[in-house]
Novice: 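Quick one: this structure, given as structure tokens, is what I'll be asking you about.
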Number of protein chains: 2
Amino acid sequence: MNIEDLPLEALDLPHPAREELVLTQVLFALSDPTRLGIVREIAAGPKEMAACDALRPDIPKSTRSHMAKVLRESGVVRSEPHGRCRLLRLRREDLEARFPGLLDAVLGTASAPD
Amino acid sequence: MNIEDLPLEALDLPHPAREELVLTQVLFALSDPTRLGIVREIAAGPKEMAACDALRPDIPKSTRSHMAKVLRESGVVRSEPHGRCRLLRLRREDLEARFPGLLDAVLGTASAPD
DNA sequence: CTCATGGTTCCAAATCTTTCGAACCATATC
DNA sequence: GATATGGTTCGAAAGATTTGGAACCATGAG
């Protein structure tokens, strides 16, 4: 059974359903360089929050958590418990369904100097 | 001679050059419902600021001007003097060159309820 | 069970954005 | 030239977002 098939309620933090995604909120979530950096990092596959370079240096826990929250609440990312860590997964299919081509366009752009 | 061919310095307000466009700034400019509304309105062709529905109701001049400014400074829009008015023009080619597919993806989405 | 780790929540401070009045500027029309 | 119109700029107030410390929670490892 795949995590995608679980009802969203099964996860311990609230995630918007696909139909609830709002374009302006998604654009806002992606409009911050650090958050966009996280998204780029998990584009190739899910990644533990603790392993994200964009979150690592010396950023306090609460700040990192807040960044993940903005991505989660906008529906860009799914955050699932994974042992002691949290796995961040890009909600590719949901985003593609609601906003076709958007993610590819955003990720397709060379990352520097954003 | 086309406005597109003029050096940016020829316009009375500063516009970033194509190479200077920054993805996160563009996304931020588009992440506000009113500003996105303006962009949708000028997607089919340039439009006078004064004719934009998104700006019309009872919004004070200074507020409207500020909204146009955010779009202009991020490079989403070119604002050219046009008689007494100002013509807003979507910087399609520049955006397409820097962020291929982004604008289509953003505009392709049904506008409601964003 | 105990501890370390990774993360969340709550809260307050700092920062950034938005809003809008007032003053001002430019163009078009009379 | 005078006036009306559409817009900019400035500055201040209101509102949102971001940052980070402290307390807390859950899981995995010992």
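Naming convention: chains lettered A, B, ... in sequence-line order (proteins, then strands); numbering from 1 in each chain.
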Novice: May I have the distance from A:K61 (atom NZ) to C:dT9 (atom P), rounded to whole angstrom?
Specialist: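 Atom-to-atom, A:K61 to C:dT9, this comes out as 13 Å.
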Novice: Using a cut-off of less than 4.0 Å, is there contact between a side-chain N or O of A:R86 and OP1 or OP2 of D:dT27?
Specialist: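 A:R86 to D:dT27 OP1/OP2: no side-chain N or O under 4.0 Å.
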Novice: Rounded to whole angstroms, how far apart are CD on A:E80 and P on C:dT8?
Specialist: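 It is 13 Å, rounded to the nearest whole Å.
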Novice: In whole angstrom, what separates A:E48's CD from C:dG7's P?
Specialist: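 A:E48 atom CD is separated from C:dG7 atom P by 8 Å.
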Novice: Map A:G83 and B:K69 onto DNA chain D by nearest heavy atom, then report which one ends up closer to the 5' terminus.
Specialist: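 That would be B:K69.
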Novice: Kindly point out which of C:dG7, D:dG6, D:dT8 is positioned nearest to the side chain of A:A50?
Specialist: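 Nucleotide nearest to A:A50's side chain: C:dG7.
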Novice: Under 4.0 Å from OP1 or OP2 of D:dG7: is there any side-chain N or O of B:S65 that close?
Specialist: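 No, B:S65 has no side-chain N/O under 4.0 Å of OP1/OP2 on D:dG7.
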Novice: If I take atom CD1 in residue B:I38 and atom C1' in nucleotide D:dG7, what distance separates them, rounded to the nearest angstrom?
Specialist: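 These atoms are roughly 14 Å apart.
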Novice: Just to confirm, is there a sub-4.0 Å distance from OP1 or OP2 of C:dA4 to any side-chain nitrogen or oxygen of A:R84?
Specialist: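 Looking at the OP1 and OP2 atoms of C:dA4, neither is under 4.0 Å from any side-chain N or O of A:R84.
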Novice: At their closest point, which heavy atom of A:T24 faces which heavy atom of B:D32, and how far apart are they?
Specialist: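 Scanning both residues completely, I find the closest heavy atoms to be CG2-C, 4.1 Å.
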Novice: Please give, in whole Å, the distance from C:dC11 P to A:H66 NE2?
Specialist: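 Taking atom P of C:dC11 as the reference, NE2 of A:H66 is at 15 Å.
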Novice: Calculate the interatomic distance between A:L87 atom CG and C:dG6 atom P; express it in whole Å.
Specialist: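 Whole-Å distance recorded here is 15 Å.
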Novice: More 5' along DNA chain D: B:A51 or A:F28, using each one's nearest nucleotide?
Specialist: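 Checking each residue's closest nucleotide, the 5'-ward one belongs to B:A51.
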Novice: From the set C:dC20, D:dT9, D:dG20, return the single nucleotide nearest to any side-chain atom of A:P60.
Specialist: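 From the listed options, D:dG20 comes nearest.
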Novice: By nearest atom, which of the nucleotides D:dT19, C:dT8, D:dT8 is closest to the B:L13 side chain?
Specialist: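 Among D:dT19, C:dT8, D:dT8, the one nearest the side chain of B:L13 is D:dT8.
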Novice: Is the backbone N or O of B:A43 less than 3.5 Å from a side-chain atom of B:R92, with the two atoms forming a donor-acceptor pair by type?
Specialist: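 Checking the backbone N and O of B:A43 against the side chain of B:R92, a donor-acceptor pair under 3.5 Å is found.
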Novice: Would you say C:dG21 has OP1 or OP2 under 4.0 Å from some side-chain N or O of B:S62?
Specialist: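 No, no such contact exists.
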Novice: In whole angstrom, give the distance that lies between atom CG of A:D58 and atom P of C:dG6.
Specialist: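 That distance rounds to 16 Å.
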Novice: So, do A:V26 and A:R91 sit near enough that their side-chain heavy atoms are less than 4.5 Å apart?
Specialist: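 Side chain of A:V26 against side chain of A:R91, heavy atoms only: no contact under 4.5 Å found.
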Novice: Using a cut-off of less than 4.0 Å, is there contact between a side-chain N or O of A:R64 and OP1 or OP2 of C:dG6?
Specialist: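 No, outside the criterion.
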Novice: Should we say atom NZ of A:K69 is surrounded by more than 12 heavy atoms from elsewhere, each under 6.0 Å from it?
Specialist: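 Open: at most 12 neighbouring heavy atoms sit under 6.0 Å from NZ of A:K69.
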Novice: Going by heavy atoms in the side chains, are A:L90 and A:L103 under 4.5 Å from each other?
Specialist: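 Yes. Closest side-chain heavy atoms under 4.5 Å.
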Novice: Atom CD1 of B:I59 to atom P of D:dG7: distance rounded to whole Å?
Specialist: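 Roughly 12 Å, once rounded to whole Å.
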